[in-house]
Amino acid sequence: MSVHTEPNRHSSRHDREIVEARVIVTCPGRNFVTLKIVTRSGIYGLGDATLNGRELAVAAYLQDHVVPNLIGRDAGRIEDLWQFLYRGAYWRRGPVTMTAIAAVDVALWDILGKMAGMPLYQLLGGRSREGALVYAHANGRDIAEASDEVGMYLERGFLAVRAQCGVPGVKKAYGISTPGKPYEPAESELPAETVWNTPRYLETAPRLFEQLRADHGNAVELLHDVHHRLTPIEAARLARDLEPYRLFWLEDATPAEHQAAFELIRQHSVTPLAVGEVFNSIWDCKHLIERQLIDYIRTTIVHGGGITHIRRLADFAGLHQVRTGFHGATDLSPVTMGAALHFDTWVPNFGIQEYMFHGEEILAVFPHDYAFRAGRLHVGDTPGHGVDIDEALAAKYPYTPKQLPVARLEDGGMWDW
Ligand code: KDG
Ligand code: MG
């Protein structure tokens with residue numbers, strides 16, 4: 001990738017003054033919102049501000065309420081700006097606010113790295129590992145197809161794979177791609193309505209993992225996402241039924257607004273649990289972590305207030321032997337992937353990183369220096385987080401409204417998607 005700035009080791013308050021902040025919305029196959037903060041020195045930083053299906057809410061929050069507060073401020077005062085945007089809004093937390101704060105925070109860390117001439121992982125405290133273990137997504141309309149996909153990822157060098165398969169009697173189960181296309185849930189302008197069947201799913205999921213172990217042995221790490229579909233007692237039953245197949249984790253087994261609900265799952269099973277891609281703050285998982293009700297925390301940089309807040313969350317998790325397992329679906333832009341990988345390279349209590357690949361058009365809009373080798377993603381040594389944006393190319397892809405699906409039960413009642 002082209003390095004767009006010369007490191008400036010002697011930046012002054014004058015050099016660091018924020019002179020411009022632009023919100024860039026682009027849709028190279030899917031929508032992304034990016035914040036670009038420019039300093040008087042010409043050095044700029046990028047932060048991802050994408051909230052799937054609610055992109056323009058964050059863009060407006062940034063444009064109308066955050067950008068006017070940035071101009072003239074010192075880009076080096078990362079902590080103070082974080083506190084200003086969090087406490088100063090009066091209305092704390094929530095996905096829109098915390099995604100907007102994250103975009104500013106990541107852009108400022110990017111600027112700091114460029115000014116110091118250092119990659120982000122170095123600013124955080126340096127390398128703890130050579131590369132970040134990642135998991136890919138295998139899915140299939142049935143068990144056999146999902147197993148073939150797992151095999152394909154193993155051939156490509158993956159050491160960990162998430163597996164989802166179709167559920168008999170369920171027309172569009174979570175995680176299953178339209179044939180010939182990579183999986184992308186936000187497919188239509190208004191939410192697609194899907195119908196869910198818990199008993200059929202509870203029969204199918206253990207059979208999937210029984211087959212995967214039979215076909216691929218025990219060396220591969222296997223993961224599964226329930227995507228909030230079960231009640232706590234149903235989740236406990238599934239976690240128990242999956243024990244023989246030794247999952248790396250079972251994700252979002254039940255909605256976690258009520259954190260104590262996970263106590264029931266823990267009472268019945270030793271299957272490791274992951275949760276938190278929809279969380280925005282340490283307060284969303286305080287009980288889950290303190291009571292050791294989970295093993296992996298999935299809240300990542302873009303939806304959790306940026307590096308400044310996620311670093312606190314990860315330290316708190318580390319005290320309770322909970323490891324990180326950052327969300328990394330395609331709706332998180334390469335800017336988040338770059339920042340997350342630097343974090344993963346440093347964080348002592350790293351577990352795993354989700355890696356759902358972006359298409360070629362997206363990668364062309366966001367030149368980056370991370371690369372996959374032998375089951376792990378490796379960051380480069382470009383100063384900052386190592387991800388840029390080609391604004392001219394981004395401008396060729398106008399925003400296209402797309403929302404996530406919803407789920408109903410067979411009687412028409414709303415369920416969790
Ligand atoms: O925007 C929602 C997606 O990121 C989510 O459905 C993907 O659950 C997901 C995962 O684990 O990647
Ligand atoms: Mg998930």
Side-chain angles (χ1 to χ4, degrees), residues 27 29-33 48-58 95-96 98-99 102 134-139 146 149 153 158 160-165 172-178 181-188 191-192 194 196 201 205 221-230 235 238 247-256 272-280 284-285 288 294-304 324-337 340 351-359 362 377 401-407 415-417:
C27 185
R30 68 158 358 278
N31 291 310
F32 292 111
V33 180
D48 179 19
T50 309
L51 186 62
N52 204 4
R54 294 291 184 271
E55 295 87 0
L56 297 187
V58 186
V96 174
M98 295 305 275
T99 302
V134 293
Y135 70 90
H137 282 207
N139 65 73
E149 273 222 15
Y153 283 117
F158 281 87
V161 185
R162 178 187 107 156
Q164 311 288 137
C165 74
K172 201 152 173 51
Y174 165 75
I176 312 307
S177 45
T178 304
K181 284 187 175 179
Y183 177 62
E184 176 55 73
E187 277 186 322
S188 49
T194 63
W196 180 243
Y201 168 70
E221 298 290 3
L222 294 173
L223 301 85
H224 183 65
D225 191 352
V226 181
H227 220 262
H228 313 108
R229 301 294 161 84
L230 300 176
L238 178 64
L247 264 58
F248 185 91
W249 79 33
L250 183 67
E251 179 189 339
D252 287 340
T254 194
L273 301 175
V275 78
E277 69 183 34
V278 299
F279 296 167
N280 321 115
D284 294 329
C285 45
L288 286 169
I294 56 170
D295 303 281
Y296 298 93
I297 182 69
R298 294 209 7 93
T299 315
T300 192
I301 290 164
V302 59
H303 301 136
T324 63
F326 285 168
H327 189 199
T330 40
D331 46 292
L332 288 77
S333 97
V335 172
T336 287
M337 185 53 89
I352 201 164
Q353 167 71 51
E354 183 178 17
Y355 178 37
M356 217 178 140
F357 332 115
H358 291 114
I362 296 172
L377 274 170
K402 291 271 167 64
Q403 291 190 39
L404 290 167
V406 297
W415 200 243
D416 299 294
W417 178 75

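Remember, it's 1-based here, ligands and their atoms both numbered in the order they're listed. Both backbone and side-chain heavy atoms feed into the values below; hydrogens, waters and symmetry mates do not.
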Are T300 and E354 linked by a side-chain donor-acceptor pair shorter than 3.5 Å?
no
In terms of residue, atom name and distance, what is the protein heavy atom nearest to [atom]?
{"atom": "atom 12 (O) of ligand 1", "result": "E354 OE2, 2.4 Å"}
{"atom": "atom 5 (C) of ligand 1", "result": "E277 OE2, 3.5 Å"}
{"atom": "atom 6 (O) of ligand 1", "result": "H227 NE2, 2.8 Å"}
{"atom": "atom 3 (C) of ligand 1", "result": "D331 OD1, 3.5 Å"}

Of all the atoms in ligand 1, which lie at a distance below 4.0 Å from a heavy atom belonging to [X]?
{"X": "A329", "value": "4 (O), 7 (C), 12 (O)"}
{"X": "E251", "value": "11 (O)"}
{"X": "W417", "value": "6 (O)"}
{"X": "D225", "value": "8 (O), 9 (C), 10 (C), 11 (O)"}
{"X": "Y174", "value": "6 (O), 7 (C), 8 (O), 9 (C), 10 (C)"}
{"X": "R162", "value": "10 (C), 11 (O), 12 (O)"}
{"X": "N52", "value": "1 (O), 2 (C)"}

Return yes or no for this condition: an N or O of H327 is under 3.5 Å from an N or O of ligand 1.
yes
Using distance alone, determine whether Y135 and ligand 1 share an N or O pair under 3.5 Å.
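Such a contact does not occur with ligand 1.
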Do the ring centers of H228 and W417 come within less than 6.0 Å of each other?
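No, ring centres 6.0 Å or more apart.
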Ring centroid separation W196 to Y174 under 6.0 Å:
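No - the distance between ring centres of W196 and Y174 does not fall below the 6.0 Å cut-off.
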Do any of the N/O/S atoms of D252, backbone or side chain, fall under 2.8 Å from the Mg ion (ligand 2)?
no
Contact check: E354 to the Mg ion (ligand 2), N/O/S below 2.8 Å:
no
[X] side chain vs [Y] backbone, donor-acceptor pair below 3.5 Å:
{"X": "H224", "Y": "L250", "value": "no"}
{"X": "R162", "Y": "H137", "value": "no"}
{"X": "D252", "Y": "V226", "value": "no"}
{"X": "D48", "Y": "V335", "value": "no"}
{"X": "T299", "Y": "E277", "value": "no"}

Of all the N, O or S atoms in [X], which has the shortest distance to the Mg ion (ligand 2)?
{"X": "D225", "value": "OD2"}
{"X": "E277", "value": "OE1"}
{"X": "E251", "value": "OE2"}

For a 4.5 angstrom cut-off between non-hydrogen side-chain atoms, does [X] reach [Y]?
{"X": "V302", "Y": "H327", "result": "no"}
{"X": "I297", "Y": "F279", "result": "yes"}
{"X": "L404", "Y": "R54", "result": "no"}

To check you understand the geometry: which heavy-atom pair defines the closest contact between H303 and T50, and what is its length?
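Nearest pair, atom of H303 first, then T50: NE2-O, 2.8 Å.
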Proximity of Y183 to ligand 1 by residue part, where a heavy atom lies under 4.0 Å:
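Contact part for Y183 vs ligand 1: neither.
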For ligand 1, indicate whether the residue M356 contacts it via side chain, backbone, both or neither (heavy-atom separation under 4.0 Å).
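Contact part for M356 vs ligand 1: neither.
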